[in-house]
Undergrad: 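One structure coming up, written as structure tokens, with questions to follow.
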Amino acid sequence: MIDVLAVASEYYPLVKTGGLADVTGALPAALKPHGIATRTLLPGYPKVMQHLVTPAILHDFADLFGGPARLLASGDLIVLDAPHLYGRDGNPYLGPDGRDWPDNWRRFAALGLAAGELGCGGVGDYKPRIVHAHDWQAALAPVYLRFWQGPAKSVLTIHNLAFQGQFPSKIFAELRLPPSAFAIDGVEYYGAVGFLKGGLASADAITTVSPTYAAEIATPQQGMGLDGMIRARRSAVTGIVNGIDTDIWNPATDMALTERYTARRLELRQANKHAVEQRFGLDRDDGPLFCVISRLTWQKGMDILADTLDSLVAHGARLALLGSGEAWLEQAFAAAAQRHRGRIGVIAAYDESLSHLVQGGSDAILIPSRFEPCGLTQLYGLRYGCVPVVAQTGGLADTIIDANDAAISAGVASGLHFAPADAGALENAISRAVALYREPKLWTQMQRMGMKMDVSWQKSAARYAALYRRLIG
Ligand code: ADP
Ligand code: GLC
């Protein structure tokens, strides 16, 4: 077995704000058959601490960025217990005022530093061969390993280049890194400190969550200022598409559904459709029911969607929207629901169990993202026979086969693509989807095609395992 330490700020089911948690929660089990033993280092948020049963104390820090801290081990988790940094309820990144916690740099520098300590072999007899950091919150781990010359190799996975962890240069003095780390080849970023930037400069390997996104972030248009860095490290960058946990997301066994079903018994979805209609206050009719399950943000193209709702309704379609996020978008959708009573239903919440029912009862899921590193809701859609209608970008482009004429005749279409991500193209896609829906044989074929696709972690876990093996030589 190869010991790998994963480092992340989210982990399903303990702490989740998005797809990152789904990935860190599911990947370890998929890696096990490949001879990879993963332990995951997490911040000791209250929800994580409550979960620990008689943890062992691995390590004491007399002072970790302003207070005492400990590394606790419980099962496959290693938890950084630091009440002065993580002992706060609610969102892992934001305070009750909806703004970043002002000490986020300390909170996530501590996470990286603890990972560095573990990767240097300085904590008991646990000596991981690989430290695998996820996103900016963990991105200092490869930096500490490099500048402290730890024996572990490092992997940094980018789940979203839009979040980079940038802080004023004055924090550098407190990071316990040598002065040489404040350089263009280290954490220095336009005179400030960049956590993700430092990780990209330091990691032995860089991955991102789809091949298309890997190519996109090497361009100035989508590189979010880091495309030069990505190009400089091109030979170290690979795109490995995410899988999903096919046990948690299984329509044949899912207890969040009103009725469970398989690809052969798609008519059973009807009971779920009725349940969705009821929950979202929608009329009952024979037309298509679209859904959205999303953070309500610019990235996800939610403003584009808001601009197409009148046209969606004019097509005789309905929409169930489950989402939470920016207030102006929540207001726009609430207004649309008022305008189109019975046609557009909005639940402004984050509700894991309802998200399963919505996938199990809607006909199609709309994903008009401006960029999408991988995206998981289209994969859940495939698995649940909820046909994905996606912007042709990043992982959405890599996982959905557009229902063009060739794909339809070959029987391989699994959804619809549209480009660019704007209201005109989305309206067009909605109108194509409505037309396809009116041809039940074609529609069912698409649903079955999606349900047949392998969206599990199997293939991608093999790729991560091969990458780890290559690194340790
Ligand atoms: P991102 O991580 O960028 O938000 P992903 O598609 O990778 O996008 O992952 C989103 C995850 O969050 C999925 O598991 C999705 O089902 C879930 N999700 C998003 N919004 C909601 C919501 N309002 N209620 C329940 N689950 C949600
Ligand atoms: C990020 C991305 C999303 C991806 C997820 C998990 O949140 O926005 O596209 O699926 O990470 O990798």
Undergrad: Distance from Arg470 atom CZ to Lys153 atom NZ, nearest 0.5 Å?
TA: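 If I round to the nearest 0.5 Å, the distance is 13.0 Å.
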Undergrad: Could you go through the side chain to side chain contact (heavy atoms under 4.5 Å, CB included) check for Ile158 and Leu200 one step at a time?
TA: CA-CA 9 Å; Ile158 306 165; Leu200 291 173; 3.7 Å; yes
Undergrad: Hey, could you give me each pair passing ring pair (Phe, Tyr, Trp, His ring centres under 6.0 Å) that has a residue in residues 223-269? Not counting sequence neighbours.
TA: Trp249-His356, Trp249-Tyr380, Trp249-Tyr384
Undergrad: Do any pairs count as a salt bridge (Lys or Arg N to Asp or Glu O under 4.0 Å) and have a residue in residues 227-247, sequence neighbours left out, and if so which ones?
TA: Asp227-Arg231
Undergrad: Just wondering, more than 12 heavy atoms not from Gln278 lying within 6.0 Å of its CD?
TA: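 Atom CD in Gln278 is not packed in, count stays at 12 or less.
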Undergrad: Is a salt bridge present between Arg343 and Asp283, judged by a nitrogen-to-oxygen distance below 4.0 Å?
TA: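 Answer for the salt bridge query: yes.
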Undergrad: Once rounded to the nearest 0.5 Å, what's the spacing between atom CE of Met446 and atom CD1 of Ile400?
TA: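 Going from the CE atom of Met446 to the CD1 atom of Ile400 covers 10.5 Å.
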Undergrad: Is it true that Glu10 and Thr17 share a donor-acceptor pair across their side chains at a distance under 3.5 Å?
TA: yes
Undergrad: Show every ring pair (Phe, Tyr, Trp, His ring centres under 6.0 Å) that has at least one partner inside residues 269-327, sequence neighbours left out.
TA: none
Undergrad: Got a sec, which pairs hit ring pair (Phe, Tyr, Trp, His ring centres under 6.0 Å) with one end in residues 189-238, sequence neighbours left out?
TA: Trp136-Phe195, Phe167-Phe195
Undergrad: Distance-only check: which donor-acceptor pairs under 3.5 Å involve side-chain atoms of residues 449-456, not counting sequence neighbours?
TA:
from: Asp454; atom 1: OD1; to: Ser456; atom 2: N; distance (Å): 3.0
from: Asp454; atom 1: OD1; to: Ser456; atom 2: OG; distance (Å): 2.7
from: Ser456; atom 1: OG; to: Gln458; atom 2: N; distance (Å): 3.1

Undergrad: Could you pull out all residues at least two apart from Tyr11 that satisfy ring-ring contact (aromatic ring centres under 6.0 Å, His included)?
TA: none
Undergrad: A side-chain contact here means heavy atoms from C-beta on lying under 4.5 Å apart; do Glu216 and Gln221 qualify?
TA: no
Undergrad: Please enumerate all residues that pass salt bridge (Lys or Arg N to Asp or Glu O under 4.0 Å) together with Arg284, with sequence neighbours excluded.
TA: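 Partners of Arg284 by the salt bridge (Lys or Arg N to Asp or Glu O under 4.0 Å) criterion, ordered by chain and then number, come out as Glu277.
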Undergrad: With sequence neighbours left out, which residue pairs that include part of residues 404-423 fulfil the side-chain hydrogen bond (donor to acceptor under 3.5 Å, both in side chains) condition?
TA: none
Undergrad: Mind listing the side-chain donor-acceptor pairs of residues 32-46 below 3.5 Å, one per line with the distance, residues two or more places apart or on another chain?
TA:
from: Tyr45; atom 1: OH; to: Ser9; atom 2: O; distance (Å): 2.8

Undergrad: Ignoring hydrogens and geometry beyond distance, is a side-chain donor-acceptor pair present between Gln299 and Ser369 at under 3.5 Å?
TA: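 Checked: Gln299/Ser369 side chains show no N/O donor-acceptor pair below 3.5 Å.
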Undergrad: Show every donor-acceptor pair shorter than 3.5 Å between a side-chain atom in residues 433-445 and any protein atom, with sequence neighbours excluded, or say none if there are none.
TA:
from: Tyr437; atom 1: OH; to: Lys273; atom 2: NZ; distance (Å): 3.1
from: Thr444; atom 1: OG1; to: Pro440; atom 2: O; distance (Å): 2.7
from: Gln445; atom 1: NE2; to: Ile408; atom 2: O; distance (Å): 3.4

Undergrad: Check the side chains of His132 and Tyr468 for a donor-acceptor pair under 3.5 angstrom, ignoring hydrogens and angles.
TA: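 Result is yes, a qualifying pair exists.
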Undergrad: Just jot down the ring-ring contact (aromatic ring centres under 6.0 Å, His included) partners of Phe371, sequence neighbours excluded, or say none.
TA: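 For Phe371 there are no ring-ring contact (aromatic ring centres under 6.0 Å, His included) partners, ignoring immediate neighbours.
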Undergrad: Which pairs count as side-chain hydrogen bond (donor to acceptor under 3.5 Å, both in side chains) when at least one residue sits in residues 192-201, sequence neighbours excluded?
TA: none
